[in-house]
Every structure is written in C-alpha cells, then in structure tokens.
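This report refers to the structure that appears directly beneath it.
Proteins get letters first, then strands, A, B, ... in listed order; numbering begins at 1 in each. Because the structure is a prediction, the values reported are computed rather than measured. Computed from heavy atoms alone, side chains included, the values below leave out hydrogens, waters and symmetry copies.
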Number of protein chains: 2
Amino acid sequence: MKLATLDDGSPDGRLIVVSPDATRFLSCDQYATLQSALDDWTAAEQRLRALHERLVCGEGASVPIDRLLAPLPRAWQWLDGSAFRSHGALMEQLFGTAPPPPDRPLMYQGMSHRFLSATEDVVLPRTEDGIDFEGEFGVVTDAVPLGVTPDQALSHIKLIVQINDWSLRVLAGPEMKTGFGWVQAKPACSVAPFAVTPDALGDAWRDGRVCLPLVVDWNGRRFGAPLGDLMGFGFHQLVAHAASTRNLCAGTIIGSGTVSNPDYRVVGSTCIAERRGIEMLDQGSPQTAYMAFGDTVRMEATASDGSVLFGCIEQRVVATTARG
Amino acid sequence: MKLATLDDGSPDGRLIVVSPDATRFLSCDQYATLQSALDDWTAAEQRLRALHERLVCGEGASVPIDRLLAPLPRAWQWLDGSAFRSHGALMEQLFGTAPPPPDRPLMYQGMSHRFLSATEDVVLPRTEDGIDFEGEFGVVTDAVPLGVTPDQALSHIKLIVQINDWSLRVLAGPEMKTGFGWVQAKPACSVAPFAVTPDALGDAWRDGRVCLPLVVDWNGRRFGAPLGDLMGFGFHQLVAHAASTRNLCAGTIIGSGTVSNPDYRVVGSTCIAERRGIEMLDQGSPQTAYMAFGDTVRMEATASDGSVLFGCIEQRVVATTARG
C-alpha cells in the first residue's frame with residue numbers, strides 16, 4: 001500500500017491512498033492526515049487497505065504529482081542513524097572522529113517541524129556552508145514502548161520512506177567536535193512523495209533493510225547507485241536503539257543514514273562528502289566541490305521490474321535571497 | 001501574563017490564562033491550545049491579555065494545580081543550549097571534551113514529542129544510566145525566519161519557562177564522543193506549570209536573560225540556587241544561532257542549559273554532574289552518586305518579593321517496571 005499527502009493549504013496536508021502504479025488516488029474520510037492515521041494505526045490500516053483494494057480495481061482520480069507534500073510534512077520526531085559502515089569509516093577519516101563502538105548504532109536527533117516536498121526548491125543561505133545531499137531510506141513507526149527488543153521493533157515499522165537529508169558540511173565538523181551534534185549543519189530534509197507499507201516492497205524488504213539501489217543524479221549526471229542491503233544495523237535495531245530510554249511517539253521517522261557500499265569507487269555515492277573522502281584517500285585532497293546555487297539533485301530507489309516505489313526526489317538549491 | 005495547560009485528556013491539553021498569583025484561571029474560547037495561540041500570536045496575545053485583565057479584576061475559577069500539564073505537552077522543536085560557561089568548563093573536564101569556540105553557543109536538538117508535567121513521576125529504566133536532573137530556563141518563540149539577528153530575535157521570544165532537562169550521564173559521555181550528540185542520554189524534559197510573558201518578569205528579564213535564582217532541592221535538601229543572570233549568551237543570541245540555517249516554527253522551545261555560577265562552591269549547582277565535576281577538581285574523584293529510584297527533586301525560580309513565577313517542579317524518579 002502506498003500513501004501520500006496532498007497539499008490542501010493546511011500544515012499537515014490531506015492523506016491519500018495511491019494506486020500501486022502511482023497514477024490514481026482516493027482520500028480517506030476517517031483519517032484526514034497521515035499523523036492521525038499513525039496515531040490509530042490498527043484501525044486506520046484496515047480503512048486504508050480497503051481504499052487500496054478499490055484502487056487496485058481501477059477506481060480513483062488522477063494523482064496531481066506536483067501537489068504532493070512530504071508524506072509527513074512535519075513530524076513529532078526525526079532520528080537519523082548512520083548505519084552504513086563504509087560511509088561512516090570515510091567520514092571518520094574526513095572529520096577526524098573516532099569510530100563508534102561496533103555494537104551501537106550512530107544516531108542523532110534532527111529537526112522535524114518541517115520536511116520539504118520532493119520537488120520544492122531548497123532554500124539555503126550560503127554555498128560557503130558546504131551544501132550537500134544525502135540519500136537515505138527511512139521508516140515511520142507507530143507508538144513504540146521504551147525498552148522494545150529489535151524483534152519487537154520490527155512490527156512497529158509501519159511505513160518506509162526515501163529521504164534526502166540536506167547537510168551543510170562546513171558547519172558539520174565544528175558541531176561534531178562540541179559533542180552536542182548537529183543543529184546548524186542539518187536544515188530540513190526532503191522526502192519522496194510515497195510512503196509504502198513494508199509488504200509493498202515484497203522481497204526488497206529483508207531483515208529490516210530496504211534491499212534496493214538508491215540512484216542519485218547530480219545536475220543530470222549519475223553520481224551513485226549503492227544498494228540499501230548493506231546496512232550494518234537493520235531498521236528494527238535502529239528503532240530499538242532509539243527506544244532504549246524513551247517511548248517513541250507514533251509518526252517517529254528513523255533514517256538509515258547515507259546509503260553507501262564498500263565498493264563505492266564502482267557504485268558511486270549518495271552524498272558529495274563521501275566522494276570527497278574517497279578523493280582524500282586516493283588523491284590526498286578532496287577534488288569535488290559541494291553544491292552551487294542552481295544545482296539539482298535527483299534521487300530514486302528503483303525496483304527490479306521498473307515499477308514506481310517511493311517516487312522521485314528532484315530538487316534545486318537556491319539562495320535565501322532568491323526567495324520572493 | 002501567565003499561561004498554563006490543563007489536562008483534558010487530549011495530547012495538547014487545554015490552554016488557560018492564569019492570574020498573576022496563580023490561584024485563578026480563565027480559558028480562551030478562540031484558542032484551545034497553547035500551540036494554536038503561538039501559531040497566531042499577534043491576534044492571540046490580545047485575546048489572552050483581555051482574559052488576563054479580567055483575572056486581575058478578580059474573575060476566574062480556582063486553578064486545579066494537580067491537573068496542569070507542561071505548558072506545551074509536546075512541541076515541534078526543542079533546542080537546548082549550554083550557555084553557562086562555569087558549567088561548560090566543568091563538563092569539559094568531566095567528559096574530556098574540548099572547549100567550544102568562544103563566539104558560538106553550544107546547542108543540541110532534543111526530543112520534543114513529550115514534555116512531562118511538573119509533578120508526574122519520571123519513569124526511567126536503570127539507575128546504572130546515571131540519572132541526573134538539570135535546572136534550566138527556556139524561551140518559547142513564535143515563527144522565526146532564517147537569518148534573524150540577535151536583536152531581531154529578542155522580539156520573537158514570546159514566553160519564558162522553567163525546565164528540568166533529565167539526563168542519563170553514563171550514556172552521555174559515549175554519545176558525545178560519536179559527535180552525533182545525545183539520543184539515549186536525553187529522555188523527556190519536565191516543565192514548570194506556568195509559561196510567562198517577558199513583561200511578567202519585570203526587571204528580572206534583562207538582556208535576554210532570566211535574572212533570578214533557580215532554587216533546587218534534592219530529596220528535601222538544598223542543592224543549589226545559582227542566578228540566571230550569568231548566561232554567557234542571552235536567549236536572543238541562542239535563538240539567532242538556531243535560526244542561522246533554518247526557519248524556526250512557532251512553539252520552538254530553546255533552553256539555557258544548566259544554570260550555573262562561577263562561585264558554585266558557595267551557591268551550589270542545579271545538576272549532580274556539576275557537583276561531581278567540582279568533587280573531581282577538589283578531591284580527585286566524584287563523591288556524590290547520581291539519583292536512586294524514589295528520589296525527588298524540586299526546582300523553583302523565586303522572585304525577590306516571593307511571588308509565584310513559573311510555579312514549581314517537584315517530581316519523583318521511578319523504575320520502568322514500577323509502572324502500572
């Protein structure tokens with residue numbers, strides 16, 4: 001089942017159920033927003049799946065793709081992991097930080113009061129901050145009690161999403177050195193339009209991982225297409241880590257961190273910082289500059305049969321002063 | 001003007017305006033929740049001040065103090081600074097971290113989907129995690145645009161609150177070393193019942209600082225009463241720091257970090273970690289243990305004339321397994 005959120009002028013938008021081929025939609029009378037559905041998921045899922053069945057049978061209106069927001073345009077909680085070790089090891093080299101203990105996922109609390117749609121311009125103040133994209137997968141949970149095990153956590157993963165975690169790299173290193181984590185280095189993320197239930201991924205959802213390539217193009221040129229399979233921790237382990245000392249509210253979004261594979265020289269990367277790390281290793285210094293205003297990035301996880309999954313993120317970076 | 005939130009069974013509770021002496025209240029027909037008032041503050045403030053005037057004239061029902069929630073029982077954003085340098089310097093010693101650049105406030109993004117009321121039990125899994133309180137002041141903003149100056153930021157501070165930022169110290173050090181900041185080490189904060197407008201503090205609101213002693217008692221014994229005056233950065237500077245690369249949503253809460261004074265050996269501390277830092281300096285190792293289950297902590301900022309300001313936080317720490 002595919003869910004999306006239509007821009008109706010309200011902060012949380014209007015929840016819709018979308019046909020598997022992403023062409024048609026029906027809205028749900030009982031649950032106006034995705035957050036309200038997640039707050040009451042057991043009952044809501046039945047209602048939404050009934051609409052899904054009607055969509056499969058051909059009902060529904062045409063999806064206005066340019067009016068779709070992030071599935072959750074704002075969320076009460078966003079926690080981002082860094083679960084791909086090939087990326088982590090490079091970043092430690094780039095930022096001079098210590099490797100984490102092997103048994104504990106890396107995770108930070110990110111801003112969640114705003115998630116950008118997949119197509120809106122990304123407004124940032126300065127290219128000098130080192131503007132970078134980060135291709136990720138993420139999951140959305142229902143309410144998760146403090147102390148769940150990874151096995152229990154798996155059943156709390158209700159939806160899967162695809163994220164661009166915008167990062168300001170020049171600000172990131174100094175913020176890491178404080179030990180307090182990132183505030184200025186992590187402005188709002190963007191999210192692909194369709195949040196899908198795990199069953200909709202079929203065999204591509206395995207062991208709490210999204211086993212698909214995440215294809216990233218920067219200014220129209222292929223930048224990377226690593227597989228999501230190689231997460232060092234599965235999403236269920238990330239959820240359990242997050243819930244170790246707190247209850248998680250329904251609608252908590254948890255990210256994988258930058259998708260990365262050890263053969264990054266072959267498959268490429270989903271963020272510029274990783275390529276710069278490789279260049280440091282291979283050539284002694286970074287060669288690739290971060291993004292310029294006007295640059296575009298496109299991200300899409302592709303199914304082996306070519307079918308639409310999360311939809312596509314395709315955005316342009318613009319300067320604050322370019323705003324109307 | 002004093003605002004509070006009454007528990008009506010809904011997640012955000014019911015906004016009320018409270019008399020200056022905190023004994024009587026009126027509710028507002030137009031704004032059901034504090035978040036909805038902050039979303040429309042200019043208009044809302046007029047309505048709420050009209051109720052305040054009626055309360056001053058003696059109207060209103062008796063405040064059911066045990067039914068008050070945190071003023072914002074959940075918020076879209078919580079950013080906590082660490083603006084008292086005497087505390088920061090001790091923590092750097094305790095955790096072996098580097099001092100921050102003198103021109104940049106320390107700040108982390110904290111969990112905001114739940115703020116505990118001032119009187120509810122604090123449920124935590126293990127005393128081995130090093131349970132600690134942290135007495136702070138905080139401000140609540142309306143919508144703040146990216147790139148505001150500190151001077152501009154001052155006018156976006158709409159309410160002032162008093163916070164206990166619960167911390168799990170044994171988890172904090174390892175999380176800081178990752179550079180990702182805190183997730184497990186920072187469960188939900190507690191907030192004193194009354195959020196007050198800056199004018200309600202009179203002379204005690206100066207240069208973006210709450211110039212009042214924060215009196216902390218642990219298990220009924222005085223632990224500290226440092227002044228809020230000595231913040232290294234004012235709240236307006238913290239707001240501007242936070243808004244450097246993002247818009248802040250209305251209802252963003254920004255914390256001062258642990259209130260601390262350089263003469264902490266005389267005035268005491270508002271968290272156990274600071275006392276342990278002093279003991280390390282003076283005696284070579286920490287002497288004071290963190291909290292045990294059953295312990296209580298009480299925090300109240302007191303006015304020179306003895307009047308009620310934010311009200312009082314008074315809570316007990318209990319084990320997860322003690323829950324009903």
Exercise. Check each of B:Trp166, B:Tyr108, B:Trp78 against B:Trp182 using the ring-ring contact (aromatic ring centres under 6.0 Å, His included) test, and report the only one that passes.
Key: B:Tyr108
What residue in [options] has the most heavy-atom pairs under 4.5 Å with chain B?
options	result
A:Gly110, A:Gly147, A:Gly173	A:Gly110
A:Glu175, A:Gln77, A:Met111	A:Met111
A:Thr178, A:Leu106, A:Thr252, A:Leu248	A:Leu106
A:Glu92, A:Lys177, A:Arg74, A:His241	A:Arg74

With a 4.5 angstrom heavy-atom cut-off, could you sort out which part of [X] is near chain B: side chain, backbone, both or neither?
X	value
A:Arg104	side chain
A:Leu171	side chain
A:Ala75	backbone
A:Asp129	side chain
A:Leu168	side chain

Exercise. Tell me, out of B:Arg114, B:Met176, B:Gln184, who's got the most heavy-atom pairs with chain A below 4.5 Å.
Key: B:Gln184
Quiz prompt | Which of B:Cys249, B:Pro187, B:Ser244 touches chain A most, by non-hydrogen pairs under 4.5 Å | solution = B:Cys249
[X]-[Y] side chain donor-acceptor pair, cut-off 3.5 Å:
X	Y	result
B:Ser86	B:Ser260	yes
A:Thr149	A:Asp151	no
B:Thr141	B:Lys158	no

Quiz item: Are the side chain of A:Gln315 and the backbone of A:Glu120 linked by a donor-acceptor contact shorter than 3.5 Å?
Solution: yes
Quiz item: With distance as the sole test, does A:Gln109 use its side chain to make a donor-acceptor pair with the main-chain N or O of B:Gln109 at under 3.5 Å?
Solution: no
Quiz item: Is NZ or CZ of A:Arg126 both nearer than 6.0 Å to the six-membered ring centre of A:Phe293 and within 45° of the ring axis?
Solution: no
Exercise. Scan A:Asp80, A:Asp165, A:Asp132 and name whichever one has a salt bridge (charged side-chain N to carboxylate O under 4.0 Å, His left out) with A:Lys186.
Key: A:Asp165
